[in-house]
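Below is one structure; the comments refer to it alone.
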Amino acid sequence: EGRLLARRGVELVQLDLEHGGDPEIIPSDHRFNYCERARDGRFLAGFNTEPESRNYVLFDEFQPVRNNYWEFHGHTADVRCLAIAPDSQKVLTGSADHTARVWSTLNFSQRTNIAVLRGHTDEVTAVAWSPDGQIIATGSKDHTVRIWGAAATNQWEQPPVFFQPAFPPLLLSADGATLVAATNAVNTNPSQRFAVWALNGGQRTNLASEATLAPLQLSADGRELFTVDAAANQLELRRWNLAAGTNLFVQELRLPPDATLMPPGAIWAASHDLRWVARGGSSGRVRVWSVGGDEALPTTVNVQPVTCLAFSPRLNILALAQHDGTGLGRLTFWHPGDLPTQQTSVELTTIPCAIAWSPDDRFLAVAGEDHSVHLCDPQTRRIVRRLSGHKHAVTAVAYSPDGRTLATGDGRTIKLWHAPTGRELFTVFRDLQFGEPLLWLAFTPDGTRFLAADATGRVHSYFAPTLAEADQPRQTR
């Protein structure tokens, strides 16, 4: 409104810059170094550098009879900056404690801290609201500006109980209606119990088997589940009717007599048409079975432990990621119908933690222990792009169904990238109580949400960017 607040000696005054005139004295018990007046005129908000209050957010609430004075506690170091939201219902502050905080002004007596924005690695020195109050910007001495959704969080406030416990392997049906996961975290042996969730209605069905099993693939409509079962001294592929809770034998997955049926840490993958099933593990040996065929197609790629397996969506190219124990890794690409000598490899400068194919088979995204995501072109056997920005090892990665968006997670944060250009779209900061590292990411078929599973057994749902947001070019000035 063209007015400026200023301190004149010990007084706080308001100057009318447009019309001039004498300064108006604003009564206050606080000695502000900086303050703002709410647009609705209800209060002043500010901070100072006085030893006893430098960590506090200070409020003067104007009342008809007498003013109320409040101090909000939360920051653990000096408050550096402040901005009142356009609707006057929230206040944003930045601090030398590397965080920004959002406070509610609807009821001062409750001193409500709506959100703590973590992610900066140095003092937060500048904060701002967008004119519509929907976006927050924070600037820091760490040389970054971060953009946030202004809601308390873009994650469901209370994760539904039917989304936990859920542990790998996790499977999402092609129609996005059904999620299957193991119900206990067992790192050395596959689970014998798993749960089926109807994501739209929240119904949960628990299923159990007498055999040790590993969920392998869901049918497109989510009605059937294929599992690998270790039963009666043989490895079997079985098909479950999820509605009835029954299963049928499909095929024996033959192994040499001295082979272990379910070795600890075994990693399984199936092609989308269920023509091929593959298994890898710490031994470095990968076995591939032809569904409907009689024999396994064993191939020893090398002695390096296998960390990830994935078939490409269209051509059934098997990608396997390995590490050599010294911080280096390797990608190997192989079509099971070809001879093992026709494999191609790409050397990595990091340990691969997770992989994901683009929907068109053109790229493989590799989540690395070096805090980066490497995009590999299998045809040229080259790393064509490196996505940097995570502060921890990246442990989960997924493409959106249209291939425009790539989601990557390190446990503390989930980042969304414009896949064609490598431009970072935005970051979701997760509360550490939800567990780390992330173990799994997946987009719903319509691309409007993505799911994230962490080490505590919780699966959470997040909003994904729209196509317009994903394709919007970077603004420069």
Side-chain angles (χ1 to χ4, degrees), residues 167-171 181-182 185-191 214-217 228 260 262-271 276-288 298-312 317-334 336 340 343-358 363-376 378 381 383 386-387 390 392-399 406-411 435-442 452-455:
F167 296 96
L170 293 101
L171 305 173
V186 181
N187 296 324
T188 56
N189 292 294
S191 174
L216 187 64
Q217 184 169 288
V228 176
T260 304
M262 284 286 191
I267 302 167
W268 292 89
S271 61
W276 306 100
V277 174
R279 184 184 76 181
S282 58
S283 67
R285 181 181 295 273
V286 176
R287 294 187 180 276
V288 180
T299 173
T300 302
V301 178
N302 55 42
V303 296
Q304 296 178 354
V306 177
T307 59
C308 315
L309 286 174
F311 282 94
S312 66
I317 299 171
L318 178 62
L320 50 131
Q322 300 167 288
H323 71 90
D324 63 2
T326 67
L328 300 178
R330 172 183 292 178
L331 295 176
T332 300
F333 300 96
W334 179 54
Q343 299 166 3
T344 60
S345 297
V346 178
E347 301 299 324
L348 298 173
T349 58
T350 183
I351 296 176
C353 301
I355 58 177
W357 283 96
S358 62
F363 300 104
L364 184 78
V366 183
E369 199 173 69
D370 62 351
H371 308 177
S372 300
V373 179
H374 305 257
L375 299 186
C376 176
R381 289 176 288 176
I383 301 298
R386 182 171 178 262
L387 307 181
H390 284 283
H392 305 276
V394 187
T395 52
V397 61
Y399 272 95
L406 183 68
T408 61
D410 63 17
E436 57 177 325
L438 279 181
L439 303 178
W440 177 77
L441 285 168
D454 60 36

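When a residue number appears, it is its place in the shown sequence, counting from 1.
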Are the side chain of T307 and the backbone of C353 linked by a donor-acceptor contact shorter than 3.5 Å?
no
Would you find a donor on one side and an acceptor on the other, under 3.5 Å apart, between the side chain of T260 and the backbone of M262?
no
Can you find a heavy atom in the side chain of F311 that is under 4.5 Å from one in the side chain of P336?
yes
If we only count heavy atoms from C-beta on, is the L364 to L375 side-chain gap below 4.5 Å?
no
Give the C-alpha distance, both sets of side-chain angles, the deciding distance and a yes or no for side-chain contact (heavy atoms from CB on, under 4.5 Å) between V346 and T332.
CA-CA 6 Å; V346 178; T332 300; over 6 Å; no
First locate atom CG of D410, then atom OG1 of T395, and finally report the distance between them rounded to the nearest 0.5 Å.
6.5 Å
With distance as the sole criterion, is a donor-acceptor pair present between the side chains of H374 and T350 under 3.5 Å?
no
If the plane angle is over 60° it's perpendicular, under 30° parallel, otherwise tilted; pick one for W357 and F333.
perpendicular
Heavy-atom side-chain contact between V366 and I383 under 4.5 Å
no
Using 0.5 Å steps for rounding, measure from the CZ atom of R330 to the CD1 atom of I351.
14.5 Å
Taken to the nearest 0.5 Å, the spacing of R386 CZ from C376 SG works out to 14.5 Å
From CG (L331) to OG (S345), nearest 0.5 Å
8.5 Å
Looking only at the side chains, is there a donor atom on one of R381 and T344 sitting less than 3.5 Å from an acceptor on the other?
no
Non-hydrogen atoms of L441 and A398 that approach each other most closely:
O-CB, 3.4 Å
Rounded at 0.5 Å granularity, tell me how far CG in L439 sits from CG in L170.
8.0 Å
L348 CG to E369 CD distance, which is reported to the nearest 0.5 Å
12.0 Å
Stepwise, does the side-chain contact (heavy atoms from CB on, under 4.5 Å) test hold for H390 with T408?
CA-CA 9 Å; H390 284 283; T408 61; 2.7 Å; yes
Are any non-hydrogen side-chain atoms of W268 and V277 less than 4.5 angstrom apart?
yes
